Each structure stands twice: as structure tokens, then as C-alpha cells.
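Report on one structure; see the data block that follows.
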Number of protein chains: 2
Amino acid sequence: MGSSRITVREIARLAGVSVATVSRVSNGTGQVSEEMRRRVLDAIEKHGYRPDHLGRALAAGRHGAVGLVFPGLSGPYFAELIQGFESEAVQSGASVHILCTHLRSDSDAQVLEMGRRVDGMVLLGGTVADETVRRLAETIPVVLLAGSGHETAPVVRVDNTAAMTGLTRHLLVEHGLRRLVFVGDPEGSPDVGQRWAGFLAAYRGLGVLPPVGPVRVGMQQPDGVLAAGHLLRGPERPDGIVCANDELALGVLVGALGRGLLVPRDVAITGFDDAPMAALVSPPLTTVRQPVRELAAEAARLVLRAVDGRGAPVEGVVLPTDLVIRASCGCGTDAPATGQPI
Amino acid sequence: MGSSRITVREIARLAGVSVATVSRVSNGTGQVSEEMRRRVLDAIEKHGYRPDHLGRALAAGRHGAVGLVFPGLSGPYFAELIQGFESEAVQSGASVHILCTHLRSDSDAQVLEMGRRVDGMVLLGGTVADETVRRLAETIPVVLLAGSGHETAPVVRVDNTAAMTGLTRHLLVEHGLRRLVFVGDPEGSPDVGQRWAGFLAAYRGLGVLPPVGPVRVGMQQPDGVLAAGHLLRGPERPDGIVCANDELALGVLVGALGRGLLVPRDVAITGFDDAPMAALVSPPLTTVRQPVRELAAEAARLVLRAVDGRGAPVEGVVLPTDLVIRASCGCGTDAPATGQPI
DNA sequence: TTGAAAGCGATACCAT
DNA sequence: ATGGTATCGCTTTCAA
């Protein structure tokens, strides 16, 4: 209880100096004689004084904090993301506010409210309305992560479309598969929308008729198990299942194996992300590697830079992906095992 | 840029009233005539005024924020935890600060620093030194989550020891297994420490000699795959693998299946948490259900209540678990499929 | 009902 | 080098 209540004024009184001097000493700014510095330092030490953050922030006109807004936590993807962001922010001395908009109707208001408590924000693509992003962006620096900016704010992302086109082409061309199905909801997030677009583009590029529509499900492993249950039931099953992320793919794999099917002989399965588990299952998963942590760290760096104000205005960034060919697509063990840029 | 810079004073001037009146109107406190209220509301509306959070917090002596400190994100457990905490906090109008101590040496200092920016904190058990918890607790309300408090702060947890004893007894007694091995690092977190203790207690309770030691690994699915690789190699393999959480168990299952072993015929496998995937794999996982989200929500409620100050001082809480018998332990399909309290 | 003014805790300018 | 004081934006007595 005690140590928290003590202020600059107290220390100044106790050390027999002015508050200005205390401030100078505690911040290391300005010139202070050795004598004074000692007196102040002693008082600070003795009473465990630490300047109050609110007072300091008010005077500085800065919160010393950045915010991260995401739809909800699900799986390794978000975990990586948050860690990447947090790590970078904390390193720069900024504290991290988070907000899950997950299924809350008033989330736009909450996002705006957060905008009043931080110096800058990173929003995951598709979590808040474009209009909200626009309003926010005229107040504080905003960076979009894995979304499509619609000119409202700089975006940090990968080229989902191209990556998915590359993966789908591999299935279509190298393995001659034709009855592919895409698992994931294109409307669920910009990422998935772009991947679905890339999936379709591969078909178009080869002049073959694409499947009617995606299997719209969530993005977690259990969703994949359920989707597999649906897809692999009848005799007319697909010859390849292209999943919007690795978690879904892992779930589909579990579901397929659980039904006694052989992968990739009976059905090929692919993912996206290259999560740690992807390499460890049997058969190991063919997927697309994206630098999730680095994406988040880069977004953090960008807002932090924008908050700092100096330097060129921040611009969006596109980070590279790798096509990771393993065995779940049907490639033999002697096929290239490591990634090639796409 | 524009709308953010406007202050109470501005509004007061524009509406031709005093700042006190503006404050009263914008907070709905005190008595204000309809005439004044209209004038102020108009000005506020017209200029999009929203009171600055720092000024307000400084005057109130409150941050309106709570912090959550965890070691690092890994898997569904932490995701649930964060969401449970965040959801409860935001509902109470508090913003949420997070800090991952993960592998950072100066984390104790950072935890203390966070203590200056929030009104209360929840710390995951085992993330910071007892001494740090103690120092923090004399400044702001602190609640421990899934840890052992050592009298420094109230703890919200489940009875890991009893739950794991129940599960282990089931393996030992019902299935007559004897060569069990525990996978997980008891020193990694208080939770795992308690589960290991419960595992040992089951042996002691039956007077049979427990295995020498745990297989110390991380807590994620890939760690389980690796552990399985180790354990199931030779001819002297265990007849049951008791995992510290479901993720490990899922990994071990994948590893076992990948080696062509049959579960539970060749080896039984159990988990802890009852993650969504646990029910969906083949065979479905025998495990212990713990209310992760509720644990975090309860911790949030406790710290929020403590911050609020009124009411009885907060005390620790132990939430119930359920033993969930499925098939991975060797139980047949006609065995009880749903949980029984332990 | 309304307004003037005193904080909240810290910083920084301006004299000295 | 040091101290006095205005300032940051808001809330809240205290008078009127």
C-alpha cells in the first residue's frame, strides 16, 4: 500500500530539493550536481519511488502503449501472432493492450474506445468495419495485419492468392487431381477470401472448371474433423482437400484416418501456415509456410514507427511465403522436401 | 488528427458554459438544467468530443485497466484463458494489458512495470518469482491463476493433484496397467507439478512402486510426437502414457499411430484439459475436464472486485474437474462415456 | 443550477 | 545548476 502513494513532491520535500530536480534526476535529463543527485537518489531509493505512469503520460501526451485487435483466439496462428506483436512492442518499451472482438456486437465502439487509450493500433484484417478503421486512422496510427486495407491504412500481409494458386496448381498439374474441394469460409477473413480466390485462379489458369463452392467452416482442428466427416462419407468423395489453414488440414487428416482412408492414396490433403505439427503427422502435410510471427512483429514496428512520427510515412509490406511440399499431397519421399519460394 | 485534440475547455468555451458543467454532462453526474445540457451536448456532438482517458484516469486515480501475465502462448489452453479473462474484464469496462514473460530474463522488472499501469493483475502460476508477486501485491491487488500462492495472493485453480490421482487410479485399478509413464515437466509449471504429484499419489495409495521419473518435455503437440518417438521405440515400451495435457496426448497419439501401434491395445494414452479435439480423435481421448475459461473469468472477477475495494476481501477459489472416460485408456464403447465428478 | 479553482502526478520552460 | 510555476485534460469540492 505504502510505496505506491509517494510522489515527486514528496521526494522533493524529503531530499530538500525542487520537483524539477527530482524529475531531472529520475529521467537523467538536464544537468544536476553530484551532491543533489546523491540526495535525490537516496530519497528515491529509500522510499522506493517510481514515477507514476499516468502523470508522466499526461505530461508527455503519450500513453506508451499500443493495441492489438483480433477476432478471437484460435490455435497456433493467433498465438504466434500475439507473441510476435507483444515481443516487439515490449522491446520498444510500449505496453500492450488487447481486444477480442469475438462475437461481440458492440466491438466497433470498443475498438474506438481502445483508440483513446493507446498511441497506435494494429487490427487484424476483417475484425472491424472499414468505416471504423477510417475513423480510427484519423485519430491515431493504424496498421492492418493480414487484411485488405481499402486505402484506409497500411497493410502487412503475405500474398495469399499467389501462394494458394501455386499450391493448387501443384495438385492440379503434378498430381492430376480434378475433384478438389476447398475447406474454409472465404467470408470469414480476408486471408481466407484471398486463398479461395487463389484456389479459383489456379483452375482458371488451366482452363478447367472449378468446383462449385467452398465448404464453409471455422478455422480450428475440430472443424476439420467435422468437415472430413461430411466430405468423405459417400462414394463420390473428392480426390483432394485444400484447407484454408493447417489446423483444418490436421483435423481433416484425423477425420480421414479415422474413417480408415489412406492419405494421400485415397485423398490428398493440404494446409496453410506450416504450423509445427504439419511436419510431424503421417503423412507429413504439404502446405504453405508464412512468417506469422514476423508479420506481427513487422506490424508492431510499423505502428511504433508511425507513433514515433519521424521518418518516412509507413507503407504496407508483403512478406514472402514458401510452398512446402511434403507427402500429404501425394508426392513420394524422393520428391523435394523443402520449400521453394513462390 | 482534428477530433482528438479537442478538450473540455474547448467544449466549455464553444457551449458558453464552464468546464465543470461539461464534465457533469459528459459523465451524467450532478444536476444540470435542460438548457445547459442541450447546449453542451450539441457542442460535444458537433465536434465529436470524447473525454481524454489520461486526464480522466489521473483525476480518478485509476487506470481502468487490468493486466494478465503468462509465460507464453501455447495451444488451446492459453487461448481459452486469455479469452475468458479478456471477456470478463471488457464487460466490466476495464481494458486489458498483457505480458508474455516467455524466455525473457528481465521479466520480473517488466511485471513490476506493468503494475504501475494497471489497477490489478492476474498472474499465471509459476511465471514470476514469489518475491515479485509479494512486492506487487503490496501495491495493487494480485490474483494467481493456476498456481500455488505461498500465501502471497489468492489463487484460482483446480485440484490438479486429486484429478490426476483419480485418472491414474483408473488406469492402475480398472485396467491393471503397471508400466505407466508420465509425460510433462513438473518444474515447468505448478499445474504440471501438481499433476505429477497426483500421479505419484495414486501409486502410493495402492502401495505399488511408481516409475522413476517423468519425461520432461514442453506442453505442445509436437513435444508429444517427439516423446512418443522416444518412448515407443524399444520392445520395453510402457503400457500407458499419462500426459500432462491434451495437446501432449494428441501428439503422443499421432506418434503412436504413426509407428503403426494400436491405441489402446498396444498402449493406453490419457490427457488433461478436455480440449475440443480430445473427443474427435480415434480413439477418443480419456482425460480430465477443467473449466479453463471459467477459471480465467473467475480470476478476472476476483481482481476486479479487489480493485473495486468494497465487499469482503477476495479469497482463492478451487473449481471442480471431471474425469472424462473415453476409449484411449482401454475402456470399451459400453463404458461410461461422460464425466463423473472427482 | 452553475462556475471558479484546487487538485491528480509529472515534465519543462524560464528565470535566477 | 537550481527552483518556481505553468501545463497536460479532467473531476470535484466549495461558493455563489
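These numbers come from the heavy atoms of this one structure, side chains and all, not from hydrogens, waters or symmetry mates. Order of the sequence lines fixes the chain letters, A, B, ..., with proteins taken first and strands second; residue numbering starts at 1 for each chain. These numbers come from a predicted model, not from an experiment.
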Q: Check the surroundings of atom CZ in Arg134(A): do more than 12 heavy atoms from other residues, nucleotides or ligands lie under 6.0 Å from it?
A: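 Enclosed.
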Enumerate, atom names and distances included, each donor-acceptor pair closer than 3.5 Å involving a side-chain atom of residues 120-129 of chain B, sequence neighbours excluded.
from, atom 1, to, atom 2, distance (Å)
Thr127(B), OG1, Leu124(B), O, 2.6

Q | side chain to side chain contact (heavy atoms under 4.5 Å, CB included) involving Val292(B) - partner list, sequence neighbours excluded | A |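 Only Tyr77(B), Glu80(B), Leu81(B), Gln290(B) meet the side chain to side chain contact (heavy atoms under 4.5 Å, CB included) criterion with Val292(B).
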Q) Considering residues at least two apart in sequence or located in another chain, which fulfil the side chain to side chain contact (heavy atoms under 4.5 Å, CB included) criterion with Gln31(B)? A)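 With sequence neighbours excluded, Gln31(B) shows a side chain to side chain contact (heavy atoms under 4.5 Å, CB included) to no residue whatsoever.
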Check the interface with nucleotides 10-14 of chain D: list each N/O to N/O pair with the protein under 3.5 Å, or write none.
from, atom 1, to, atom 2, distance (Å)
dC10(D), OP1, Tyr49(B), OH, 2.8
dC10(D), OP1, Asp52(B), N, 2.6
dC10(D), OP2, Val8(B), N, 2.5
dT11(D), OP1, Asn27(B), OD1, 3.3
dT11(D), OP1, Asn27(B), ND2, 2.8
dT11(D), OP1, Arg56(B), NE, 3.0
dT11(D), OP1, Arg56(B), NH2, 3.1
dT11(D), OP2, Ser23(B), OG, 3.0

In whole Å, I'd like the distance from the [atom1] atom of [X] to the [atom2] atom of [N].
X: Leu58(B); N: dA10(C); atom1: CG; atom2: P; result: 9 Å
X: Glu10(A); N: dA10(C); atom1: CD; atom2: C1'; result: 14 Å
X: Ile11(A); N: dT11(C); atom1: CD1; atom2: P; result: 13 Å

Q. Near DNA chain D, which residues from residues 34-42 of chain A have a heavy atom under 4.0 Å away?
A.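 Close to the strand are Met36(A).
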Pairing residues for [X] by the salt bridge (Lys or Arg N to Asp or Glu O under 4.0 Å) criterion, not counting sequence neighbours:
X: Arg39(A); value: Glu35(A)
X: Asp130(B); value: none
X: Glu294(B); value: Arg301(B)
X: Arg62(B); value: none

Q. Which part of the nucleic acid, if any, lies within reach of Leu54(B) when heavy atoms closer than 4.0 Å are counted: base, sugar-phosphate only, or nothing?
A.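 It contacts nothing in the nucleic acid.
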Q. Can you name the residues that form a side-chain hydrogen bond (donor to acceptor under 3.5 Å, both in side chains) with Arg56(A), not counting sequence neighbours?
A.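 Arg56(A) satisfies side-chain hydrogen bond (donor to acceptor under 3.5 Å, both in side chains) with Asn27(A) once adjacent residues are dropped.
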**Q.** Results of side-chain hydrogen bond (donor to acceptor under 3.5 Å, both in side chains) for Arg13(A) - residues two or more places apart only
**A.**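 Partners of Arg13(A) under the side-chain hydrogen bond (donor to acceptor under 3.5 Å, both in side chains) test: none.
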Q. At what angle, to 10 degrees, do the two end axes of the helix from dT1(C)-dA16(D) to dT16(C)-dA1(D) meet, given five pairs define each axis?
A.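 Nearest ten degrees gives 50° for this helix.
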